[in-house]
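Shown next, in structure tokens, is the structure this report addresses.
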Amino acid sequence: RVNPGALADREALEVARKRAGEFRSVFLPRLSADAYVRGYDVDPPVNALRRFTQGSSGFDVSLEQTVFDWGKFKESSVASREADVFAQDYEVMLSQFKFTTAQTYLALAAALERKEALAKHRELLQRILQVALARHLMEEGERVDVVRWESRKDRMTAELIAAREDIAGLRVALLQALGRPFPEDFVIDRGVFPFGDFKWSGSETKYFGAESREVAEEFWVEEALSANPALARANSELAAARAEQSAGSGWFLPRIVAEGGYFNDEQFPTQAPVAVDEDGWYVGARASIPLFDGARGIKKRTRLKARVSELEYRRDEATLAVVSDVRRAFHALVGAYDRTLFSSRVRRFAREALEETRKRYELGEVSFSEMESELDNTLRAELEMVEAVYDYYLAQLNLWRAVGYGYLETYGAEWKDVVGRLQSYLAAANESDDN
């Protein structure tokens, strides 16, 4: 709604559509009015001694209707096809814009999650260190290297500062993508890309399970062949070139115009005492036939034929690129899904181990070094889980981009339509296997 680049592309699309409308308007009736004054140098009769002049004045109101004009008809068709190309250009831009904006939003959500994980770890570390120092002062525990631990806290503080800088930079990037300033109370909606309460639904398990991956991959390929705007643009460009080629093949066809109107003409010869006044209605038709257009037409038709062949290859190349991109994106998503499952298990085990070790540490059953080791393992597991979830969401966005959606709001109306088609596709494939 407000991004300047998106608005400029939208206006370019409107210009192309209006240009197509201009070409179509040539088939509307044309009403014109003409007024004129003319003078003629007339040769005198044989027995006259000098030349004399003759003049006329009048007006003409006419209505013309083009009945057949191959060139204008095909120009209109070409302009309409070119408007389709502009429309697909806009869809390509819009898809990329949605992907870039969602990717930046995702990176910002992941940066916030990393900052929170670091802050929680630093807070837990501070509490455990206070317990260790209290035990050391009471001579109930092992000796604590305070200098080393203060240095470690400083490093974590530096990491938090770096995380905040990342967040600030990503906010600016999101501002640039959206094309509008942030309000003072701008808050990232964590529900768009949930990290902390990330859960697998039955759909992910079903669609990315080993038994349905090959079928789901073919579904996404078919979706891309019907929905990808870059591929649609290649087809529209080819259709425009074919329309232009067709326009050049009918250069020899006539142009037929029907006309009618009212005229008034008054002639006033210099040698005659009385002017002649004529007026009346008229109806007629005229046709013009091109006889020879020189070598220019032949060369143009040869060029257009080569252009069509080129665009056919370009269309095939675009199809291959889209299919390959979708397959790569789908396999990347499946890999990210598997890694996220693994990271989720590692994080769960690390949290459980940390909680058990913390309880034993408070009872004095484990050393501070063991507690420190579990803290490091848990932080590493938490950050790896954030990265795994980020990679999964990013792989999902890449699949949407490759297919041509740009971005699908999870559980939104468009998402539900896609999931419904995927369910039908899987059901049909299972039924075919059973048969």
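Here, residue 1 is the first one in the sequence, and each next residue gets the next number. Since the structure is predicted, the reported quantities are computational estimates derived from the model, not experimental observations.
Ring geometry for Tyr392 against Tyr337 counts as tilted: the plane angle lies between 30° and 60°, on a 0 to 90° scale.
Atom CE of Met385 sits about 14.5 Å away from atom OG1 of Thr378, to the nearest 0.5 Å. Atom CG of Leu112 sits about 4.0 Å away from atom CD1 of Ile167, to the nearest 0.5 Å. Distance check, rounded to the nearest 0.5 Å: CG of Leu106 to CG of Leu174 gives 11.5 Å. Atom CD in Gln423 sits 12.0 Å away from atom NZ in Lys416 (nearest 0.5 Å). The distance from atom CG of Leu375 to atom CD of Glu370, rounded to the nearest 0.5 Å, is 12.0 Å. A distance of 8.5 Å separates CZ of Phe219 from OG of Ser424, quoted to the nearest 0.5 Å.
Using a cutoff of 4.0 Å between basic side-chain nitrogens and carboxylate oxygens, Asp325 and Arg401 are scored as salt-bridged. A salt bridge links Arg242 with Glu312; the closest basic N to acidic carboxylate O contact falls under 4.0 Å.
At a cut-off of 3.5 Å, with distance as the only test, a side-chain donor of Thr100 or Gln96 sits close to an acceptor on the other residue.
Judged by distance alone, the side chain of Thr101 and the main-chain N or O of Phe97 form a donor-acceptor pair under 3.5 Å. No donor-acceptor distance shorter than 3.5 angstrom exists from the side chain of Thr357 to the backbone of Glu374, with no hydrogens or angles considered. In this structure, Asn228 contributes its side chain and Val322 its backbone to no donor-acceptor pair below 3.5 Å. Looking at Ser324, its side chain never comes within 3.5 Å of a backbone N or O of Ala321 through a donor-acceptor pair.
Residues satisfying the side chain to side chain donor-acceptor pair (under 3.5 Å) criterion with Glu217, sequence neighbours excluded, are Arg327, His331. In this view, Arg233 and Asp89, Glu237 satisfy the salt bridge (Lys or Arg N to Asp or Glu O under 4.0 Å) rule, not counting sequence neighbours. Residues satisfying the side chain to side chain donor-acceptor pair (under 3.5 Å) criterion with Glu222, sequence neighbours excluded, are Tyr425. Considering only residues two or more places apart in sequence or on other chains, Arg114 meets the side chain to side chain donor-acceptor pair (under 3.5 Å) condition with Glu387. For Arg358, the salt bridge (Lys or Arg N to Asp or Glu O under 4.0 Å) partners two or more places apart in sequence, or in a different chain, are Glu355, Glu362. By the side-chain contact (heavy atoms from CB on, under 4.5 Å) test, Glu384 is found to be paired with Arg380, residues two or more places apart in sequence or in another chain being considered. The side-chain contact (heavy atoms from CB on, under 4.5 Å) check on Leu225 picks up Val221, Leu231, Thr319, Val323, with sequence neighbours excluded. Applying the side chain to side chain donor-acceptor pair (under 3.5 Å) rule to Arg314 yields the partners Glu317; only residues at least two apart in sequence or on another chain are considered. Residues forming a salt bridge (Lys or Arg N to Asp or Glu O under 4.0 Å) with Asp391 (at least two apart in sequence, or on another chain): none. Residues passing the side-chain contact (heavy atoms from CB on, under 4.5 Å) test with Arg155 are Ser151, Arg152, sequence neighbours excluded. With sequence neighbours left out, Glu116 forms a side-chain contact (heavy atoms from CB on, under 4.5 Å) with Glu113, Arg190.
Residues Arg351 and Leu354 are not in side-chain contact: their nearest non-hydrogen atoms beyond the backbone lie 4.5 Å or more apart. Under the 4.5 Å side-chain criterion, counting only non-hydrogen atoms from C-beta, Leu426 is in contact with Leu422. When side chains are defined from C-beta on, Met156 counts as touching His121, because their heavy atoms get closer than 4.5 Å. When side chains are defined from C-beta on, Tyr390 counts as touching Leu394, because their heavy atoms get closer than 4.5 Å. Counting heavy atoms from C-beta outward, Leu379 and Leu118 have side chains that approach closer than 4.5 Å. In this structure, Tyr105 and Leu170 have side chains that are not in contact, with every pair of non-hydrogen atoms separated by 4.5 Å or more.
Applying the salt bridge (charged side-chain N to carboxylate O under 4.0 Å, His left out) test to residues at least two apart or on different chains, none of the pairs has a partner in residues 328-337.
Closest heavy-atom contact between Tyr405 and Ser95: C-OG, 4.0 Å. Closest heavy-atom contact between Leu311 and Ala241: CD1-CB, 3.4 Å. The two residues Ala224 and Val326 come nearest to each other via the heavy atoms CB-CG2, 3.5 Å. Listed here is the closest heavy atom pair of Phe330 and Leu399: N-CD1, 4.0 Å. The minimum heavy-atom distance between Leu383 and Ala117, with the atom names listed, is CD2-CB, 4.1 Å.
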